[in-house]
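Heads up, the thing below is written out as structure tokens.
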Amino acid sequence: DSTGAPVVDWQELVEVWAAIEPLSAKELIAAQGAQSRVMARITIRYRDDVTDTMRILHGGKIYMIEGLLPDKQSGLEYITIPVSEG
């Protein structure tokens, strides 16, 4: 770019298997009451290179990562990722 302005571009990190679960009606109502944007949760095998500044692309939808929750046993088996659409 000739203006010198930074160029923001998303890059694919990795393709992984995941379980994607929309929130239940009860969970969604509770989340909305707490002013949360979380619409679903995605579970993947543990990775130390995933951060909440990333996005997840699945089925043509973009999900914003709202947090990273390690498994309760070791913290190193899987990660549950609350996500919002957008």
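Any value given below was found using the heavy atoms of this structure, including those in side chains, with hydrogens, waters and symmetry copies removed.
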Item to check | Partner residues of Ser84 under the side chain to side chain donor-acceptor pair (under 3.5 Å) criterion, sequence neighbours left out | outcome: Glu66
Checklist outcome for this item: Hits for side chain to side chain donor-acceptor pair (under 3.5 Å) against Glu12, two or more places apart or cross-chain, chain-then-number order -> none
Checklist outcome for this item: For Asp9 and Gln11 the tightest heavy-atom approach is OD2-NE2, 3.0 Å
Checklist entry - Pro22 and Ala40: which non-hydrogen atoms are nearest, and at how many Å? => result CA-CB, 3.9 Å
Checklist entry - Quick one: hydrophobic cluster around Leu68, which other residues, with the 4.5 Å side-chain cut-off, linked directly or via members? => result Leu13, Val14, Val16, Ile20, Ile42, Ile44, Tyr46, Val50, Met54, Ile56, Tyr63, Ile65, Leu76, Ile79, Ile81, Val83
Item to check | Residue pairs passing the salt bridge (Lys or Arg N to Asp or Glu O under 4.0 Å) test where at least one lies in residues 47-59, sequence neighbours excluded | outcome: Arg47-Asp49
Checklist entry - Could you give all pairs that pass the salt bridge (Lys or Arg N to Asp or Glu O under 4.0 Å) test and reach residues 72-86, with sequence neighbours left out? => result Lys61-Glu85
Checklist outcome for this item: side chain to side chain contact (heavy atoms under 4.5 Å, CB included) filter on Leu69, not counting sequence neighbours, yields Thr80, Pro82
Checklist entry - Can you tell me if CH2 on Trp10 sees more than 12 non-hydrogen neighbours from other groups inside 6.0 Å? => result yes
